[in-house]
Amino acid sequence: MKNTQESPQLSSIRRFYQQAFRHYDKTGRIPPVSVELYPYAGINHTIRIRGGRAFVRISDVCVDMELEGQKALAFILVAKLYRKRAASVHQETYNAALRTSDIQRRAARTKKTRGRQTPLFTEGDIYDLDELFDDVNAKYFNNKIERPLLTWSSRKTYRVLGHHDATQNKIVISRSLDTPETPRYIVEYVMFHEMLHVKHPTLTINGRRYNHTPAFRADEQRFPKYHAAERWIEANVRRLKRAAKRK
Ligand SMILES: [Zn+2]
């Protein structure tokens with residue numbers, strides 16, 4: 001379940017970003033800011049502007065980083081957006097805040113459990129997996145699926161179009177679908193299928209593992225273009241294979 005209540009800490013952090021925008025944006029236009037903690041592997045933070053809104057993701061490893069450090073980080077990230085360097089005092093404050101043993105310990109642990117620091121590629125040439133996930137989550141799951149790690153596959157796989165890795169809580173979508181020839185509903189369908197794996201965890205009965213339980217299969221039929229999507233995949237698998245071989 002997604003926690004929609006913003007914690008007091010997150011709202012202070014959000015104010016730091018507004019301050020930072022006020023500092024760096026000479027036009028005085030301060031975008032609305034969303035801040036969330038994100039399960040990156042290791043210490044990593046991102047900021048991007050989409051539809052006039054700033055989206056900030058702070059590594060959940062830094063969940064209890066002192067507010068001074070958070071403020072410094074806000075100035076560092078916003079400066080980056082404006083292709084500027086934050087004042088060195090911010091860099092020093094941030095580095096000092098990172099040096100606490102809790103953060104270092106958690107960072108080391110997430111690097112281990114969240115994969116060999118495989119970089120995530122969410123923004124494809126055509127489709128943005130973050131945006132797609134949010135859309136599918138809203139349309140078919142009432143926003144109830146907690147955001148897993150999302151990434152395009154590094155290679156253009158054509159047999160496996162999507163994969164849910166339960167140990168890393170990661171959804172991988174085949175890069176072979178990130179082309180103008182792929183209708184959006186196909187990528188949504190693959191995302192939808194992988195999100196069903198989050199909703200219906202693997203059942204183990206007498207040592208046998210069941211990924212696609214009857215409940216899973218019944219749920220799958222809720223996708224409005226289920227049959228059209230299956231037909232499209234069948235009709236295009238050879239083309240995807242050729243495209244994969246070309247690369
Ligand atoms: Zn499956």
Side-chain angles (χ1 to χ4, degrees), residues 1-2 38-41 110 113-116 118-245 247:
M1 278 263 273
K2 199 168 183 172
Y38 194 79
Y40 287 115
T110 60
T113 56
R114 290 175 186 165
R116 302 160 278 110
T118 344
L120 301 173
F121 301 100
T122 50
E123 234 171 290
D125 293 335
I126 308 292
Y127 297 110
D128 179 348
L129 293 179
D130 277 324
E131 188 260 321
L132 216 96
F133 172 88
D134 289 338
D135 193 22
V136 173
N137 204 13
K139 279 199 282 203
Y140 309 113
F141 295 96
N142 250 327
N143 289 319
K144 291 280 163 65
I145 305 284
E146 231 180 274
R147 185 190 298 277
L149 299 172
L150 299 167
T151 187
W152 291 104
S153 62
S154 47
R155 289 184 310 134
K156 288 186 176 176
T157 56
Y158 58 91
R159 281 199 193 87
V160 177
L161 295 179
H163 173 65
H164 172 241
D165 181 330
T167 34
Q168 290 190 55
N169 188 26
K170 179 162 84 172
I171 288 177
V172 183
I173 308 284
S174 172
R175 194 178 282 278
S176 67
L177 297 176
D178 185 30
T179 68
E181 290 80 41
T182 311
R184 183 184 163 96
Y185 81 91
I186 296 298
V187 193
E188 284 186 18
Y189 172 63
V190 175
M191 179 68 83
F192 173 78
H193 179 102
E194 301 315 324
M195 287 166 74
L196 285 178
H197 281 300
V198 179
K199 183 176 166 191
H200 300 275
T202 305
L203 279 183
T204 307
I205 303 168
N206 296 330
R208 256 200 80 177
R209 293 163 60 77
Y210 299 87
N211 287 314
H212 302 112
T213 58
F216 181 108
R217 289 299 185 199
D219 226 357
E220 204 176 19
Q221 305 280 332
R222 290 192 298 123
F223 193 79
K225 286 182 166 178
Y226 172 78
H227 294 287
E230 283 292 327
R231 274 199 306 276
W232 186 94
I233 290 170
E234 214 178 285
N236 284 272
V237 94
R238 287 159 68 93
R239 186 177 58 77
L240 295 179
K241 182 174 178 176
R242 281 196 304 273
K245 293 271 151 81
K247 172 111 204 274

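Residue numbers start at 1 and run along the sequence shown. Both counts, for ligands and for their atoms, begin at 1 and track the order of listing.
What you find for Glu194 and His164 is that their closest heavy atoms are OE1-N, 3.2 Å. Nearest heavy atoms, Phe192 versus Glu220: CE2-O, 3.6 Å.
A distance-only check finds a donor-acceptor pair linking the side chain of Asn236 to the backbone of Trp232 [under 3.5 Å].
From Leu177, atom CG reaches atom CD of Glu188 across 12.5 Å, with rounding to the nearest 0.5 Å.
His212 and His193 have their aromatic ring centers within a separation under 6.0 angstrom.
Inside a sphere of radius 2.8 Å centred on the Zn ion (ligand 1), the protein N/O/S atoms present are His193 NE2, His197 NE2, His212 NE2.
Both the sub-6.0 Å distance and the 45° axial angle are satisfied by Arg222 relative to the ring of Phe141.
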